[in-house]
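First up is the structure itself, then whatever we jot down about it.
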Amino acid sequence: MEQFNGKSIFKGIAIGKILFYSKKQQQVKREKIEDNEAEIARYEAAKAKAIEQLRELCDKAAEEVGETNAAIFEVHTMMLEDEDYTDSVYNMIRKNSVNAEFAVAATGDNFSAMFTEMDDEYFKARAADIKDISDRLIRVLQGQGNTGEIGEEPVILVAEDLAPSETVQMDKSKLLAFVTRFGSSNSHTAILARTMNIPALIGVDIKKEWNGKMAVVDGKQGILLVDPDGTVLKKYEEEKKKEEEAGKLLSQLKGQTDVTVDGRHIKLYANIGSVADVANVLANDAAGIGLFRSEFLYLEKDDYPTEEEQFQVYKTVAQNMAGKKVVIRTMDIGADKQVPYFGMEHEENPAMGYRAIRICLDRVEIFKTQLRALYRASAYGSISIMFPMIISVEEVMQIKKIVEEVKAQLDSVHIAYGDVELGIMIETPAAVMISDLLAKEVDFFSIGTNDLTQYTLAIDRQNAKLDHIYDPHHPAILRMIQMVVDNAHKENCWVGICGELGADVTLIEQFIKMGVDELSVSPSFVLPVRKAIRETKYR
Ligand code: PEP
Ligand code: MG
């Protein structure tokens with residue numbers, strides 16, 4: 001048995017087999033081949049296998065997410081069969097006697113560059129699909145399986161690093177735990193692990209040879225045990241049982257109110273990233289959803305989600321919450337949440353770059369599509385809309401003007417919508433400092449302590465090296481929260497916290513005394529926070 005230390009980002013114990021997850025990017029070497037025709041036959045065999053994989057994926061997707069969403073796999077099949085693409089691969093193999101992997105990689109690069117340069121947004125977005133089919137062919141040629149494919153048995157996933165776009169595509173029911181070398185505790189992959197309620201460790205000196213070995217992840221102590229002996233396994237199995245019993249005790253709090261000892265009521269909501277998370281929200285008895293990170297909808301896909309697709313998602317969430325409040329944040333793409341089809345230029349400093357509301361106010365059609373979907377869905381439940389990364393009153397005025405245009409458009413075609421509260425994220429120091437002015441313009445604030453800490457302390461939340469000084473308890477942050485609450489309440493604007501700090505049970509009393517009205521936390525933290533609220537004396 002070997003023990004490795006890491007930093008825990010979600011407590012809990014997982015016992016199971018390790019799956020070493022390799023990144024999507026393949027290393028492709030140029031090699032000289034002897035028999036060009038044999039290499040072409042090898043390419044043809046790989047193409048047939050890739051088409052077979054796509055057919056299976058298409059059937060699976062049609063069952064799970066519907067025919068419309070599954071259509072992308074048909075498009076990929078057509079691309080694989082495209083004559084120009086095939087001719088290019090054949091020519092490279094025949095003229096230069098190169099291996100099929102190299103011919104595919106070069107063809108993929110040339111074709112995707114050609115698409116990227118096109119003016120038409122639709123064709124621009126096809127660059128990512130070309131890249132995707134070329135990667136698939138290379139994986140087949142190199143004898144690797146599908147990406148994101150985990151297999152039937154639930155596993156402890158070990159990887160160098162995981163991007164949010166990779167994590168969202170994984171089958172969550174097959175994940176026991178994450179263990180990575182890189183990543184920070186405030187990254188979105190870490191947040192996803194907390195939402196999924198699975199133990200996760202970062203900063204572990206991982207090894208490829210662990211693939212298939214038994215292991216224990218101890219999220220409490222931040223350790224990974226590879227090949228544990230019988231006694232250790234038994235000890236952890238018992239501890240896991242105890243953990244489950246403690247969970248049962250907490251579940252007695254289901255159905256209880258979120259009220260302090262002396263009668264102050266707090267709205268206790270949950271954060272989600274997909275429709276699938278709603279089950280977890282209901283299972284943990286949250287009173288609503290305080291943050292739906294809608295950008296994960298965009299991250300899961302190879303192309304812009306249509307108005308209809310988005311409408312179906314928002315409507316399902318609203319209906320499943322049966323009249324309870326659902327705060328949906330408009331897409332916060334950018335920084336660590338990149339989507340290839342947005343065709344964004346490389347930025348030196350993406351966290352302070354072209355992201356979130358900045359993209360929406362620049363590419364207004366994308367924004368309007370999302371707003372139309374949100375307003376249409378608002379007829380089916382209690383939806384509120386929140387806007388991320390706000391730094392000025394002018395932005396809010398522009399947003400409100402666009403919202404009015406969208407509503408007028410819906411009115412003109414007699415489409416009904418609900419009474420939608422509008423709010424903003426307070427996650428920049430600028431928004432804090434002008435919160436008195438912003439409060440006059442909106443119905444609510446939700447404090448995003450993850451980014452607020454990053455921008456206030458000038459510490460990149462993704463930088464694992466600085467994790468130890470990334471301190472959301474810093475007095476600057478706590479004073480800012482107080483300032484925001486005071487300014488908001490003067491204008492009848494309610495205030496929540498939806499950053500990870502909201503779930504910190506050591507601060508619940510302080511937040512309540514500050515006057516915070518709402519806390520929105522990962523679903524698995526709802527009951528521990530309820531317990532803390534119910535033990536707090538407000539005065
Ligand atoms: C935040 O910044 O605190 C927040 C809730 O948003 P995100 O973590 O998605 O940036
Ligand atoms: Mg944020």
Side-chain angles (χ1 to χ4, degrees), residues 9-10 163-165 167-168 183-196 269-274 277 286 288-300 326-339 350-360 384-391 395 423-432 435 444-463 467 470-474 476-478 480-481 484 495-504 507 511 516 518-523 525 529:
I9 50 176
F10 189 74
S165 57
T167 321
V168 287
S184 75
S185 41
N186 309 293
S187 65
H188 284 92
T189 295
I191 291 172
L192 277 173
R194 287 192 275 266
T195 307
M196 291 188 233
Y269 296 164
N271 296 346
I272 64 164
S274 69
D277 297 335
I289 290 171
L291 168 65
F292 178 178
R293 290 181 163 94
S294 71
E295 59 275 10
F296 285 114
L297 266 181
Y298 294 71
L299 286 174
E300 279 166 1
V326 177
V327 179
I328 305 182
R329 173 172 81 184
T330 57
M331 60 112 184
D332 187 4
I333 294 291
D336 62 328
K337 290 175 287 196
Q338 295 287 342
V339 268
M352 295 205 211
Y354 186 62
R355 60 174 285 196
I357 203 67
R358 298 168 186 180
I359 301 180
C360 289
S384 303
I385 306 178
M386 155 160 100
F387 304 95
M389 282 294 289
I390 296 295
I391 56 165
E395 282 169 340
I424 57 171
M425 300 269 308
I426 301 286
E427 52 185 347
T428 63
V432 173
S435 50
F444 67 97
F445 286 160
S446 189
I447 306 177
T449 50
N450 309 335
D451 276 318
L452 187 58
T453 306
Q454 150 163 278
Y455 298 124
T456 305
L457 305 187
I459 294 174
D460 177 358
R461 65 193 266 195
Q462 296 283 110
N463 191 332
D467 239 11
Y470 174 97
D471 176 19
H473 287 223
H474 192 293
I477 305 298
L478 299 177
M480 282 177 156
I481 296 174
V484 170
V495 185
I497 299 179
C498 64
E500 298 296 288
L501 194 67
D504 187 332
L507 288 177
F511 291 150
V516 170
E518 177 241 24
L519 294 167
S520 190
V521 302
S522 288
F525 290 141
V529 171

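Atoms within a ligand are numbered from 1 in the order they appear, just like the ligands themselves. Only heavy atoms go into these numbers, but all of them, side chains included; no hydrogens, no water, no symmetry mates.
- Within the 4.5 Å cutoff, side-chain heavy atoms of Arg461 are placed close to those of His188.
- If you take CD1 on Ile359 and CE on Met331, they are separated by 5.0 Å, rounding to the nearest 0.5 Å.
- The shortest N/O to N/O separation between Arg329 and ligand 1 falls below 3.5 Å.
- At a heavy-atom cutoff of 4.0 Å, ligand 1 is contacted by the side chain of Leu291 but not by its backbone.
- Contact of the Met480 side chain with the Ser435 side chain is not registered, since no non-hydrogen atoms from C-beta on lie closer than 4.5 Å.
- Residues meeting the side chain to side chain donor-acceptor pair (under 3.5 Å) test with Arg329, sequence neighbours left out: Glu295.
- Heavy atoms of Ile191 found under 4.0 angstrom from ligand 1 belong exclusively to the side chain.
- Every atom of ligand 1 is numbered from 1 in the order shown, and the set under 4.0 Å from a heavy atom of Lys337 is 9 (O).
- Taking each heavy atom of Gly290 and Met386 in turn, the nearest pair found is O-CE, 3.8 Å.
- In this structure the side chain of Ile481 reaches within 4.5 angstrom of the side chain of Leu501, judged on heavy atoms.
- Using a 4.0 Å cut-off between a side-chain N of Lys or Arg and a carboxylate O of Asp or Glu, Asp277 and Arg293 do not qualify as a salt bridge.
- With waters left out, the protein N, O or S atoms under 2.8 Å from the Mg ion (ligand 2) add up to 2.
- When non-hydrogen atoms are compared, ligand 1 lies under 4.0 Å from neither the backbone nor the side chain of Gln454.
- Shortest contact from atom 7 (P) of ligand 1 to any protein heavy atom: His188 NE2, 3.3 Å.
- Counting heavy atoms only, Arg461 comes closest to atom 10 (O) of ligand 1 of the residues Glu427, Arg461, Arg293, Met425.
- Across all non-hydrogen atoms, the minimal contact from Ala351 to Ala335 is CA-CB, 3.9 Å.
- Contact annotation: Glu500 has no heavy atom less than 4.0 Å from any atom of ligand 1.
- Heavy-atom contacts of Gly448 reach the following atoms of ligand 1: 1 (C), 2 (O), 3 (O) (cutoff under 4.0 Å).
- By the criterion of a heavy-atom distance under 4.0 Å, neither the backbone nor the side chain of Met386 is placed next to ligand 1.
- With sequence neighbours excluded, no residue forms a side chain to side chain donor-acceptor pair (under 3.5 Å) with Thr453.
- Nearest heavy-atom pair, Gln454 versus Tyr470, reported as atom, atom and distance to 0.1 Å: N-CE1, 4.0 Å.
- The ring pair (Phe, Tyr, Trp, His ring centres under 6.0 Å) check on Tyr269 picks up nothing, with sequence neighbours excluded.
- For ligand 1 and Asp451, the ligand atoms under 4.0 Å from any heavy atom of the residue are 1 (C), 2 (O), 3 (O), 10 (O).
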